[in-house]
Amino acid sequence: MGRNLARLKQKREQSDYDDFFIASKEEAQKQFDNAESIVAVIIEYMRKNNSGTII
């Protein structure tokens, strides 16, 4: 999960600061899938640890 977070951050920074950065549809889908899996892990952690309300 740590590597996925680092890659998401790297891609976000590239898209924010590189004037000519263009993500392919495949790369965008890969990063979207990574983000979904990270969110799922966070939600599961919160449920297991009774960490408040989850929408």
Under 3.5 Å donor-acceptor pairs involving side-chain atoms of residues 13-24, not counting sequence neighbours:
{"unit_1": "Glu13", "atom_1": "OE2", "unit_2": "Lys9", "atom_2": "NZ", "d": "2.7"}
{"unit_1": "Ser15", "atom_1": "OG", "unit_2": "Lys11", "atom_2": "O", "d": "3.4"}
{"unit_1": "Ser15", "atom_1": "OG", "unit_2": "Arg12", "atom_2": "O", "d": "2.8"}
{"unit_1": "Asp16", "atom_1": "OD2", "unit_2": "Arg12", "atom_2": "NH1", "d": "2.5"}
{"unit_1": "Asp18", "atom_1": "OD1", "unit_2": "Phe20", "atom_2": "N", "d": "3.1"}
{"unit_1": "Ser24", "atom_1": "OG", "unit_2": "Glu27", "atom_2": "N", "d": "3.0"}

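- One distance of note links CG of Asp33 with CG of Asn4; it measures 10.5 Å at 0.5 Å rounding.
- Hydrophobic clustering of Ile, Leu, Val, Met, Phe, Trp and Tyr side chains at less than 4.5 Å, counting indirect connections, keeps Phe32 apart from Ile38.
- The CG atom of Leu8 sits 11.0 Å away from atom CE of Met1, with the distance rounded to the nearest 0.5 Å.
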